[in-house]
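To keep things clear, I will list the structure first and then write my remarks on it.
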Amino acid sequence: MPDQSLALSVRGLTKRYGDTTVLHPLTLDIPDGEVFGFLGHNGAGKTTTIRLLTTLLPPSGGTAEVAGHDLRTDPLGLRGAIGYLPENVRLYDRFTTRENLMFFARLSGLSDAADRVGRTMAFLGIEPLAERRVGTFSKGMRQRVGLAQAILHDPSLLFLDEPTSGLDPMGVRLLRDIIEQLNARGMTIFMNTHLLSEVSRTCSSIAVLAHGKLVFQGQMDAVTERYGDDRALEALYLGVGEQESAA
Amino acid sequence: MTGARIICTQSLATLVRERTVLLVIALFSLMVLVSAWLGWSATHTVNTIYSDAAAYLTSVGEPVPPNPVSLGSPLAVLRNVTVYVGLIGTFAAIVIGQRLIEGDRRAGVLPLIGARPLSRASFARGKIAALCLSTTAMMITAATVSALTLAVLPGAHVTGAEWGRLAAFFLLAWGYMTLFGLVALGAAARISTMAGGLLAATVLWLAVTFVLPAITGNVNPTAAINPISGLAVAPDTPLFTQLGFWLGPISLSEHFNYLSAGLMGYRPDALAPRGLVAPLACLVAGFIAAGGFAVVSCLTLDPNAGGPDA
């Protein structure tokens with residue numbers, strides 16, 4: 001029986017390409033209701049981890065239970081329970097926001113697709129964009145439509161890959177507010193990022209990945225307590241990075 | 001609505017908004033119209049000359065020979081259609097097949113689709129159904145134009161059997177076109193670069209249309225773009241004989257042209273008969289192989305490759 005109190009339980013998850021290991025055996029537990037920040041330098045293996053956990057990449061080894069579904073034996077059930085926003089979300093340029101969202105709502109098997117799309121657009125404040133073609137949108141507008149497709153089926157676990165990448169400060173703030181609201185609804189958030197300021201404001205727990213290896217995992221409060229100042233996260237991030245490089 | 005149906009519907013909706021696809025389909029439809037006009041014009045000219053000649057012969061008391069138009073199959077006036085299907089129709093199918101995958105990849109939606117509760121098999125079924133429906137629509141257009149041409153052509157008396165042969169030709173043409181579309185769909189799923197996927201299918205199309213007929217049946221390459229028998233006596237050399245023996249079965253363009261010419265009633269007498277079964281079996285085998293390639297490629301498609309996050 002899956003442990004219902006864990007949104008994510010990863011055991012020895014590995015990814016190799018030939019002789020190159022891009023993700024060393026990863027073991028990780030994330031309780032329900034967390035906003036989890038997954039930190040790491042560029043190329044650390046964060047995106048690979050998200051792709052493995054969303055079934056977009058087959059693992060080379062290990063297991064994971066995502067939103068109560070086994071990664072290997074129940075991929076369809078898993079996909080039905082998660083939402084995913086990639087770093088550079090594009091969508092169908094020649095379709096309107098509503099048309100794009102209707103497509104993804106139907107793919108998610110929603111019987112009340114039109115209603116859900118309407119409610120999601122209202123929640124994210126993108127109703128004025130409903131009948132406009134996505135191809136005319138700025139990065140920030142696309143990001144909100146991308147987020148809409150990720151949450152319209154009300155997933156229990158939401159994967160965000162560098163969600164603030166390329167956004168202006170207003171867009172970052174707006175996204176932070178949305179994440180907080182989604183979390184308040186009970187949605188667990190798994191967020192890849194290397195923006196430390198966002199992590200310290202938004203996340204309740206973090207892990208740091210360096211060169212494909214998990215080098216730290218803990219609660220945000222504990223990090224602040226351990227390093228004892230408001231630059232705790234930066235100290236931790238740089239510290240584990242240097243340790244890893246030295247090793 | 002099932003997952004495959006959702007993918008199919010969305011793919012068709014995407015295709016009709018793609019300018020390149022619309023342009024190629026419009027070109028194909030235009031060439032079918034041109035072909036019908038050419039057939040109508042040639043027949044009209046012969047009929048006019050025949051009427052004048054018949055009137056003259058009657059006035060001088062000479063016997064009037066039968067109208068040459070009525071001697072052959074009326075379907076032969078549509079011989080250009082077989083050429084346009086073999087060239088532009090297949091190329092249009094390649095563009096459609098390639099765009100069905102590449103359009104999603106360029107839009108960056110493959111990872112979003114891949115993270116939905118949709119099986120890869122449903123995805124493959126949806127994409128292949130979209131391709132088949134697209135080529136069916138093209139064939140229905142071509143068949144309608146051709147049938148109207150025959151219906152309004154003066155002196156063309158099409159029997160029930162000939163309507164049946166025309167229908168059989170369009171079924172054959174649909175299969176031949178769709179075969180190339182399936183190859184393009186599979187290539188686009190397997191090769192993540194836009195140019196690579198299109199190039200692979202186009203090279204195969206060029207080889208099947210122009211190269212293989214030349215080295216296996218001694219068919220002059222111009223025969224592929226002109227419905228005149230381009231056959232010369234095949235050189236009697238061991239190399240040519242061996243090439244013909246081993247590569248002949250995969251020379252699908254030859255099989256298609258041979259069967260089309262038989263169905264439309266313009267097969268040259270000089271052409272050695274091959275029967276119906278062997279060429280048809282080769283085409284069916286080619287279709288199954290292309291379908292298998294498309295299915296396997298869609299099942300193993302890497303949704304991350306080639307997209308904006310690659």
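Numbers restart at 1 for each chain; the letters A, B, ... are given by sequence-line order, proteins then strands. Since this is a predicted model, take the numbers as computed values, not measurements. The figures that follow rest on heavy atoms only: side chains count, while hydrogens, waters and symmetry mates do not.
At distances below 3.5 Å, at least one donor-acceptor pair connects side-chain atoms of B/Asn304 with backbone N or O atoms of A/Leu56. Of the possible donor and acceptor atoms, one in the side chain of B/Arg17 sits under 3.5 Å from a partner among the backbone N and O of A/Arg94. Between the side chain of A/Arg90 and the main chain of B/Val109, no donor-acceptor pair closer than 3.5 Å is present.
Most heavy-atom pairs under 4.5 Å with chain B: of the set A/Ile82, A/Leu91, A/Leu57, A/Thr54, this distinction falls to A/Leu91. With chain A as the partner, the residue from B/Asp302, B/Leu118, B/Thr14, B/Leu112 showing the most heavy-atom pairs under 4.5 Å is B/Leu112. Heavy-atom pairs under 4.5 Å with chain B peak, among A/Gly80, A/Gly146, A/Ser111, at A/Gly80.
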A/Leu107 and B/Phe123: side chain to side chain contact (heavy atoms under 4.5 Å, CB included), yes or no, with the steps? CA-CA 11 Å; A/Leu107 269 188; B/Phe123 177 79; over 6 Å; no
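Among all heavy-atom pairs drawn from A/Leu76 and B/Pro117, the shortest one is O-CB, 3.6 Å. Closest approach of A/Phe104 and B/Arg116 over heavy atoms only: O-NH1, 3.6 Å.
Proximity to chain B (any heavy atom under 4.5 Å) is restricted, for A/Ala150, to the backbone atoms N, CA, C and O. Interface residue A/Phe95: backbone and side-chain heavy atoms are both found under 4.5 Å from chain B.
To the nearest 0.5 Å, the span separating OG1 on A/Thr55 from CZ on B/Arg120 amounts to 7.0 Å.
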